[in-house]
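A quick write-up on the structure given underneath.
Chain naming here is simple, since letters A, B, ... match the order of the sequence lines and numbering starts at 1 in each. Because the structure is predicted, anything quoted here is derived from the model rather than measured.
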Number of protein chains: 2
Amino acid sequence: MIIFSIFVTTIILKTVLEPQLPKFESVFSIDCVIFGFEEGVLKILLIERNDPPYKDWWALPGYFVENNESIEDAAERILYSFTGLRDIFLEQFYTFGDVDRHPQGRLITVAYYAMIRLNGKKDLKPSSPYVKKAFWYPISDLPKLAFDHTQIFEKSLQKIRRKISYQPIAFELLPEKFTLTQLQNVYEAILNKKLDKRNFRKKMLNYGILKELDEKQQGVSYRAATYYKFDRRKYNRLFQKELSFMKEN
Amino acid sequence: MIIFSIFVTTIILKTVLEPQLPKFESVFSIDCVIFGFEEGVLKILLIERNDPPYKDWWALPGYFVENNESIEDAAERILYSFTGLRDIFLEQFYTFGDVDRHPQGRLITVAYYAMIRLNGKKDLKPSSPYVKKAFWYPISDLPKLAFDHTQIFEKSLQKIRRKISYQPIAFELLPEKFTLTQLQNVYEAILNKKLDKRNFRKKMLNYGILKELDEKQQGVSYRAATYYKFDRRKYNRLFQKELSFMKEN
DNA sequence: TCGCTTAGTGTAGCACATACACCTTATATT
DNA sequence: AATATAAGGTGTATGTGCTACACTAAGCGA
């Protein structure tokens, strides 16, 4: 109660004592690197721009942030308007602001990456009028991008490569139920190298964060693989204190 | 040569074909969390504000970015104007932009952290007119901070805790020559836990990135410790491919 | 020379990473 | 029915690095 009073008093004092100050008008944007995984290949979502500058170029989805919305909200809003998806793993990773990154003057952009499940939902109908079309590009085969978007993409890749080694982000790219081989493929695609099957399985199962399902693959012309799912409850229990290479002592 | 021609042509085409577009006017700031290490204690540099809003409050050093300077340059310039130091390890770690973080309207701020050597250089004479004074605060005993600066500080601490486990940032806080105990103290201060002396030394020396000097401590009233220095050349040679918990395979 | 204070050292057990090859299961083909 | 094909699934031996743990060495001051 006392603490609350002090808090309120502080606000009142500040309001009373500080003269009226001019209001800021900020202009800045967000850009998203949206990763998806399809047919064993890691892809990102690109859009073809409908307006200058860089009209007709491929670019990362991104747009201006409204004055009354938080950056997070803007990222979610824009992502939603491109994919129709919500509740996505979305993380800010860097802010780009080179003086000449935009022809219309210094425009800084806050970059996010997202991981989404492409459960066959391939029909992307962008609603933004400034987008001509949207397309999933394999990261190994990207076109030349508008602005500094190639640089932004590369930074995002660096970030998820590091992140995947201590956070369960790979699961975000897969369906609820997945096989160990699929999981391994995600790791291989992100890390861009082959992993040993036996060691990978041993390690993953050892973590104790996967739940084996009774279900198996259907309709494949070879031995059917067992499905697993990510056990977020167990993960949270085990890794509240986060992994760190500096262990206990 | 052909590639260069294509490049030039692209620029010319873009310039000719795109209509004149309005210029942006961005307003945004940077804030720095500047870490220093003194008397075995991890500290950050705070300033007392001389102007509203939050006049007389303690805050992180930070200011507006000029329209024609890169964010990095701004961070370096502002850091220099507070400490007189250059060529500092300086890294962007997050951008804060809550709608209500600043009373004068949405103002986003790009946050950097820096590590500096306090070789006895304690006489900080801030040159900025908007700064009343500057002071090194132990991180365990910070005052209430202006804006969302407490939140910014906490995020910076998270980041360096993670970073210290895979990058040689601890050395940035120490003088050129340091003892292993001093190094351990830095780790302990950042990670906020005690480490085992023998294991710490074994591990550090095993990395092979420290160079033992002939020199020893002077004028201490106990057994003098050997000085070491960080061998950046060796470090670069060894860790170009970066550590990663997912090793070879 | 004794006491205080910090520097400096080794070993045994354990957990985890690596390297590596074959059998199993399901379907499709003949 | 037999065979080919394709991926699923499994174990072991070795090495490396992390952990836990306690005493002696050196330098100085009283």
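- In this model, a donor atom of one side chain and an acceptor atom of the other lie less than 3.5 Å apart for A/Thr181 and A/Arg201.
- Rounded to a whole Å, the CG atom of A/Asn206 is 8 Å from the P atom of C/dA17.
- Spacing between atom CD of B/Gln182 and atom C1' of C/dA7 amounts to 13 Å, rounded to whole angstrom units.
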Shorter than 3.5 Å, N or O on both sides, protein versus nucleotides 8-12 of chain C: list them out with atom names.
residue, atom, partner, partner atom, Å
C/dG8, OP1, B/Thr226, N, 2.9
C/dG8, OP1, B/Thr226, OG1, 2.8
C/dG8, OP2, B/Arg201, NH1, 3.4
C/dG8, N7, B/Lys197, NZ, 2.6
C/dG8, O6, B/Lys197, NZ, 3.2
C/dT11, O4, B/Lys202, NZ, 2.9

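- Using cut-offs of 30° and 60° for the angle between ring planes, the B/Phe171 and B/Phe178 rings count as tilted.
- Following rounding to the nearest Å, B/Tyr207 (OH) and D/dC18 (C1') show an atom-to-atom distance of 10 Å.
- Atom C1' of nucleotide C/dA7 and atom CG of B/Leu213 are separated by 16 Å, given to the nearest angstrom.
- For the pair A/Gln217 CD and C/dT27 P, the interatomic distance rounds to 11 Å; values are reported in whole Å.
- Rounded to whole Å, the distance from CD on A/Glu212 to C1' on D/dG9 is 11 Å.
- Note on ring orientation: taking the six-membered ring where Trp is involved, the planes of A/Phe147 and A/His149 are tilted (angle from 30° to 60°).
- More than 12 heavy atoms of other residues, nucleotides or ligands shown are found within 6.0 angstrom of NZ on B/Lys163.
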Going by atom type alone, with no hydrogens or angles, which donor-acceptor pairs under 3.5 Å involve a side-chain atom of residues 70-80 of chain A and a protein atom two or more places apart or on another chain?
residue, atom, partner, partner atom, Å
A/Ser70, OG, A/Asp73, N, 3.1
A/Ser70, OG, A/Asp73, OD2, 3.3
A/Arg77, NE, A/Glu69, OE1, 2.9
A/Arg77, NE, A/Glu69, OE2, 3.2
A/Arg77, NH2, A/Phe64, O, 3.3
A/Arg77, NH2, A/Glu69, OE2, 2.5

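- Rounded to an integer number of Å, the gap from A/Leu195 CG to C/dA17 P is 13 Å.
- Note: CZ (A/Phe200) to P (D/dG9) measures 13 Å, nearest angstrom.
- Both tests pass for A/Lys155 against the ring of A/Tyr94: distance under 6.0 Å to the centre and angle within 45° of the axis.
- No hydrogens or angles considered: nothing links the side chains of A/Gln158 and A/Glu154 as a donor-acceptor pair under 3.5 Å.
- Taking the six-membered ring where the residue is Trp, B/Phe135 and B/Tyr137 present perpendicular rings, their angle passing 60° and hence far from 30°.
- A salt bridge does not link A/Lys193 with A/Glu188: every distance from a Lys NZ or Arg NE/NH1/NH2 to an Asp or Glu carboxylate oxygen is 4.0 Å or more.
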Between the protein and nucleotides 28-30 of chain D, list the N/O to N/O atom pairs that are separated by less than 3.5 angstrom.
none

